[in-house]
Colleague: 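Provided herewith is a single structure, encoded as structure tokens, for subsequent inquiry.
Proteins get letters first, then strands, A, B, ... in listed order; numbering begins at 1 in each.
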There are 2 protein chains.
Amino acid sequence: MINDLTPIATSTRADIVEIRIREYLSSKKLKAGDTLPTELELAEALDVSRNVLREALSRLRMLGLIETKKKRGMVLSAPDILGSFERVLNPQLMDENTMKDIFELRLLLELGMADLLYLRKTDKDIAELERIVKKDKNADAEEFRISQEIAFHGKLYEITGNTTLKRFQTMLMPIFGFVLNKSHHSIKSEVSHSDLVQILKTGDRDAFSKAMQEHLRPHLEFLGER
Amino acid sequence: MINDLTPIATSTRADIVEIRIREYLSSKKLKAGDTLPTELELAEALDVSRNVLREALSRLRMLGLIETKKKRGMVLSAPDILGSFERVLNPQLMDENTMKDIFELRLLLELGMADLLYLRKTDKDIAELERIVKKDKNADAEEFRISQEIAFHGKLYEITGNTTLKRFQTMLMPIFGFVLNKSHHSIKSEVSHSDLVQILKTGDRDAFSKAMQEHLRPHLEFLGER
DNA sequence: TTAGGTACTTATGTACTACATTATAGTATA
DNA sequence: TATACTATAATGTAGTACATAAGTACCTAA
């Protein structure tokens, strides 16, 4: 019961300055390319030492929100939204529940992928998939099987033409390696990669959607109620 | 052609220190709860001023990777993976392609949601959904319609029981507001929220999956080839 | 006139020192 | 034994100084 009480958040000046600057950016409706005041001006306006200010700026710089050039000052820039994500995606540190959440998220993405695939697939993509699954037959070694998984599913993400999605999947892979190692992957699926390619090639969207669900069933059954 | 050449990345000491500390953490296989050396020790070991070191630490602290208490020093902690994401999710700054990518990502999630919903839905959830859609009838004002969208789809995410997913959706909402305002939302869907609830209540997983696809068709058709 | 160099200016990057703050541990006291 | 006080050791903040690099303006020579 007492565990529910988390320590009160004592924020440092850098924390506050970070927030204040964010507010400043959005209230002034600044957009990428606009320049910011100099460090000295900001520090004076916020009434903090340049030290503190720079700690806050350092954070924004890391996120890609601002870029600074010697003399020219600081300019706002469009951040790479996945860049910051990548920085905290450390399976070593992640708690198990979050890992499960992310695992489910991946399943959702693949289960919902059919429409995008049928919208954007090309003959070249199919050929590439066929090339990949051809190697599946001699998939005996554990390590090789995993690399096949990555190659096949990775290619599916690629076909969606959604680069953010593809990058997302790429950086999530270490997590799956972590989860998969634990269990529930010895169960063989009824629908193979090869089957999926065949359907993608000649079948329709609904057939593929069902096939994908079947392909992922071993994982789905593992999920449970919560 | 010349535009492809981006300026060479000149990294500051803080950038390098940040990387070095990350390497240190993973090479030592430190996990949440472990303590780090003091600032002075780190600064000396890395041969940088405490200033630079603190800029790097400030970043890690922002990401939730480390927590620092006065005297006790710094301890590693499990970062909130979405916290950093939230920080860069500014529609004001985001470029249009990324926004489209994220919009598609949301569609994928909802299209793939059927299994999770049928796995975890309760009678209470259904009742709640019915309560929400009851208000749909008098959905005349634009603003009200949007709040209905949010309430309904938000509840679906909630039913999945996946808190990471739910938070993800919540923080993505401003983006959708941005995209939706632009166009393609005047087209009325063939399948209403009310229909979806009915199917979720009495129908099976496949029926719901198809219905959801139908419900989202106006958006899907807007996507295009790429 | 113009290309190219030189000195100047200015904003960021880094280092160092000093002190405030506060959680912890250790000590003294009732 | 429990409480209060004290010392100490770490982070938090401020300020100064100088290095570095990138513009700017001026100036010189072909």
Colleague: For A:Asp15 and D:dT13, give me the distance from atom CG to atom C1', rounded to whole Å.
Modeller: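 Value for this atom pair: 13 Å.
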Colleague: Can you work out whether B:Leu40 or A:Asn51 has the more 5'-proximal nearest nucleotide on DNA chain D?
Modeller: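 Its nearest nucleotide being more 5', the pick is B:Leu40.
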Colleague: Does one side chain, of B:Asp15 or B:Thr12, offer a donor that lies under 3.5 Å from an acceptor on the other?
Modeller: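 Note: B:Asp15 and B:Thr12 side chains meet the donor-acceptor criterion.
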Colleague: Figure out the CG/P separation between B:Leu60 and D:dT11, and round it to whole Å.
Modeller: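 Taking CG of B:Leu60 and P of D:dT11, I get 14 Å after rounding.
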Colleague: Salt-bridge test for B:Glu110 and B:Arg106: reply yes if a basic N is under 4.0 Å from a carboxylate O, no otherwise.
Modeller: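 Between B:Arg106 and B:Glu110 there is a salt bridge, with a charged N closer than 4.0 Å to a carboxylate O.
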Colleague: Heavy atoms from C-beta onward define the side chain here; which of D:dA14, D:dG12, C:dG13 lies closest to that of A:Val52?
Modeller: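 Nearest to the side chain of A:Val52 among the choices is D:dA14.
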Colleague: Using atom CE of A:Met74 as one end and atom C1' of C:dT12 as the other, report the distance to the nearest whole Å.
Modeller: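 Distance check: A:Met74 CE to C:dT12 C1' gives 9 Å.
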Colleague: Could you state the atom-to-atom distance from CZ of B:Arg72 to C1' of D:dA10 in whole Å?
Modeller: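 Value for this atom pair: 12 Å.
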Colleague: Can you give me the closest heavy-atom contact between A:Gly64 and A:Ser77, atom names plus distance?
Modeller: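 Closest heavy-atom pair between A:Gly64 and A:Ser77: O-OG, 2.9 Å.
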Colleague: Find the distance A:Lys70:NZ to C:dA11:P and express it as a whole number of Å.
Modeller: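 In whole Å, C:dA11 P and A:Lys70 NZ are 14 Å from each other.
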Colleague: Distance check: side-chain N/O of B:Arg50 vs OP1/OP2 of C:dT17, anything under 4.0 Å?
Modeller: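 No, because none of the side-chain N or O atoms of B:Arg50 sits under 4.0 Å from OP1 or OP2 of C:dT17.
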Colleague: Toward the 5' end of DNA chain D, which comes first, A:Ala14 or B:Thr38, by nearest nucleotide?
Modeller: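 With A:Ala14 and B:Thr38 compared, the 5'-side residue is B:Thr38.
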Colleague: In whole angstrom, what separates B:Leu46's CG from C:dT14's C1'?
Modeller: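 About 15 Å, once rounded to whole Å.
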Colleague: Between P on C:dT10 and CD on A:Glu41, what's the gap in Å once rounded to a whole number?
Modeller: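 Taking CD of A:Glu41 and P of C:dT10, I get 12 Å after rounding.
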Colleague: Tell me: CD of B:Glu55 to C1' of D:dG12, nearest whole Å?
Modeller: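 After rounding, the gap between these two atoms is 15 Å.
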Colleague: Do you see a donor-acceptor pair shorter than 3.5 Å between the side chains of B:His193 and B:Gln148?
Modeller: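 Not at all, the side chains of B:His193 and B:Gln148 share no donor-acceptor pair under 3.5 Å.
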